[in-house]
Amino acid sequence: MTTSRPNPRSPRGATARACAPRPAARSARAPAAVLVGGTLLLTVACSGGDDRTVAAESETAPTVAERPLAAQATASTPSASPTSDLTETDARNALITESDIEDQWNQVKDPRSWRDSLLVGQVDVAAFLNGKSDAEACQRLVDSLYDETLLGEPSGASALTGFQEGDSRLLYQVAAYRKSDLDDSMTWLKSLPDTCDQFTLTGSGSGQRTVQVVETSLPEEGDDRQGLTVTVKGTSGGDPVTLTLDVAAVRIGADAITVTNGGLDGADHDTTEAAVEQGTPRLEDVLAGRTPQPTPSGVE
C-alpha cells in the first residue's frame, strides 16, 4: 500500500509543517504584531479548522493585536462616564454670596434642615410638599425641592448654601456628577413642562394639592440650562396656601449649579437670574484654577 503524503505546496501541507515541532529560538527582531497574529493563526489551524476558518481569522487578528491594551479593553467594555475634577474647596469657593443676589437676603446656617422642617409664618412648607403623585417623574420633582438631589446624587464634591428674605427661601448648590447622569437629569428637567404640566399631590395630612409646572427663561450661561416655575396650591391648617418656586439648573461639563427660590409670596425671577448670572462665572473660574472675584456692591 502506498501512503499519501501532504503536498508541501498545498495549504494543508503548509499547516502540517507549521504544526510540527520547531526550535524554541525566534528572531528578537520579529515584530510583535506578527508574532501574536501568527500564534493565533497557528492555534486555529492546529485545532483542526478548515481553510475558510483560517482565512476569516487572518482578517481580524492583526487589527486586534495592533491595538494598545487599553484600546482592546475599551473595544469590548463601555467606557466609564467622565467625571469632574471639582474638589470640595472648589465647590465651596464657587457658591454665591449675599452680594450676588442683593436685596435683603440673609445667609442661613443650615439650609440642609429645610427639607425636614421649613416653617414659614404658620405654614410648614416641608410638610406641605410631602405627598404622593401617580407620575414617577413628577414625584421626583416634588421630592427634590429644597433638597440636594434635584439633579440626582452628586458623584463627587458638593457644597450648599441658603438665604432667606421674609417668607422666601433660596437654596443654592454646586456639585459634580457623572456626565451621563447629569445629561439624563437635564433631559428629565426639560421634559417636566410637558409631562408634569399639572398633577395632584395627595396624603401626608395636607389633603390634595394641585401642582403646576411651567418653563421659564434663564440667562445664556454654561453649556446647558433649564428653568421652571413650580406652583403648589392647597390648604394648611384650614387656610388656602400657594407656594411658588423658581427652579434653575445650569450645566458646565460634568458640574452644575442648581437654584430653588421662592415662597408663599411668589418667586422673584430677577433673583433667580442674578444667582445664575453671578454663580456660573464663579464655577467657571474655579474650574479654570482661578479664584472668583468678590461681586462688587450694587450689582443688580
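The figures that follow rest on heavy atoms only: side chains count, while hydrogens, waters and symmetry mates do not.
One N or O on the side chain of Thr216 and one on the backbone of Leu228 form a donor-acceptor pair closer than 3.5 Å. Arg209 contributes a side-chain N or O that, together with a main-chain N or O of Asn130, makes up a donor-acceptor pair within less than 3.5 Å. Although no hydrogens or angles enter the test, the distance criterion places no donor-acceptor pair under 3.5 Å between the side chain of Asn261 and the main chain of Ala267. Judged by distance alone, with hydrogens and angles left aside, the side-chain atoms of Gln139 form a donor-acceptor pair with the main-chain N or O of Gly131 at under 3.5 Å. Although no hydrogens or angles enter the test, the distance criterion places no donor-acceptor pair under 3.5 Å between the side chain of Thr280 and the main chain of Glu277.
Gln173 and Ser158 share a donor-acceptor pair across their side chains, judged by distance under 3.5 Å alone. A donor-acceptor contact closer than 3.5 angstrom links the side chains of Thr97 and Ser99.
Note that CD of Glu165 and CG of Asp265 are 10.0 Å apart. Values are rounded to the nearest 0.5 Å. To the nearest 0.5 Å, atom CG of residue Asp100 and atom CD of residue Glu102 are 8.5 Å apart. The line from CD of Glu284 to CD1 of Ile252 is 4.5 Å long, rounded to the nearest 0.5 Å. Here the straight-line distance linking atom CG of Leu264 with atom OG1 of Thr242 works out to 8.5 Å at 0.5 Å rounding. Remark: Ile257 CD1 to Leu95 CG distance equals 10.0 Å, nearest 0.5 Å. Between the CG atom of Leu171 and the CD atom of Gln164 there is a distance of 12.5 Å, given to the nearest 0.5 Å.
Closest non-hydrogen pair, Gly263 versus Leu245, comes out as N-CD2, 4.0 Å. Contact between Ser155 and Tyr177 at its shortest, heavy atoms only, is OG-C, 3.1 Å. The heavy-atom pair separating Ile96 from Phe163 by the smallest distance is O-CZ, 3.7 Å. Nearest heavy-atom pair across Ala256 and Leu151 is CB-CD1, 3.6 Å. Of all the heavy atoms in Val259 and Ala275, the pair that sits closest is CG2-CB, 4.2 Å. Closest approach of Pro292 to Asp285, counting heavy atoms only: CA-OD2, 3.8 Å.
Two residues are said to be in side-chain contact when any heavy atoms from C-beta on lie closer than 4.5 Å; Leu218 and Gln226 fail this criterion. The closest side-chain heavy-atom distance from Trp105 to Ser168 is below 4.5 Å. Looking at Ile101 and Gln278, their side chains never come closer than 4.5 Å, going by heavy atoms from C-beta outward. Annotation: side chain of Leu287 is not in contact with side chain of Asp90 (no heavy-atom distance under 4.5 Å). Within the 4.5 Å cutoff, the side chain of Val108 has heavy atoms near those of the Trp114 side chain. With a 4.5 Å cut-off on side-chain heavy atoms, Ser217 and His269 count as touching.
For residues 188-197, the side chain to side chain donor-acceptor pair (under 3.5 Å) pairs, not counting sequence neighbours, are Lys190-Asp224. Among residues at least two apart or in separate chains, disulfide (SG to SG under 2.5 Å) pairs with a member in residues 107-166 are Cys138-Cys196. Applying the salt bridge (charged side-chain N to carboxylate O under 4.0 Å, His left out) definition to pairs two or more places apart or across chains, those involving residues 131-159 are Arg112-Glu148. Sequence neighbours left out, the pairs with a member in residues 230-255 that pass salt bridge (charged side-chain N to carboxylate O under 4.0 Å, His left out) are Asp183-Arg251, Asp223-Arg251.
The local environment of CD in Gln104 is sparse, with at most 12 non-hydrogen atoms from other residues, nucleotides or ligands closer than 6.0 Å.
Screening Val174, Asn93, Thr89 for a side-chain contact (heavy atoms from CB on, under 4.5 Å) involving Val286 leaves a single residue, Asn93.
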Decide yes or no on side chain to side chain contact (heavy atoms under 4.5 Å, CB included) for Val211 and Thr231, but give the supporting numbers first.
CA-CA 6 Å; Val211 184; Thr231 304; over 6 Å; no
Under the side chain to side chain contact (heavy atoms under 4.5 Å, CB included) rule, what do Leu86 and Leu283 come out as? Steps first, then yes or no, please.
CA-CA 9 Å; Leu86 188 76; Leu283 178 54; 4.0 Å; yes
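Using a cutoff of 4.0 Å between basic side-chain nitrogens and carboxylate oxygens, Arg225 and Glu220 are scored as salt-bridged.
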Got a list of side-chain donor-acceptor pairs under 3.5 Å for residues 117-128, not counting sequence neighbours?
residue : atom : partner : partner atom : Å
Asp124  : OD1  : Ala126  : N            : 3.1
Asp124  : OD1  : Ala127  : N            : 3.3

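Under the rule for a side chain to side chain contact (heavy atoms under 4.5 Å, CB included), Thr291 has no partner lying at least two apart in sequence or in another chain.
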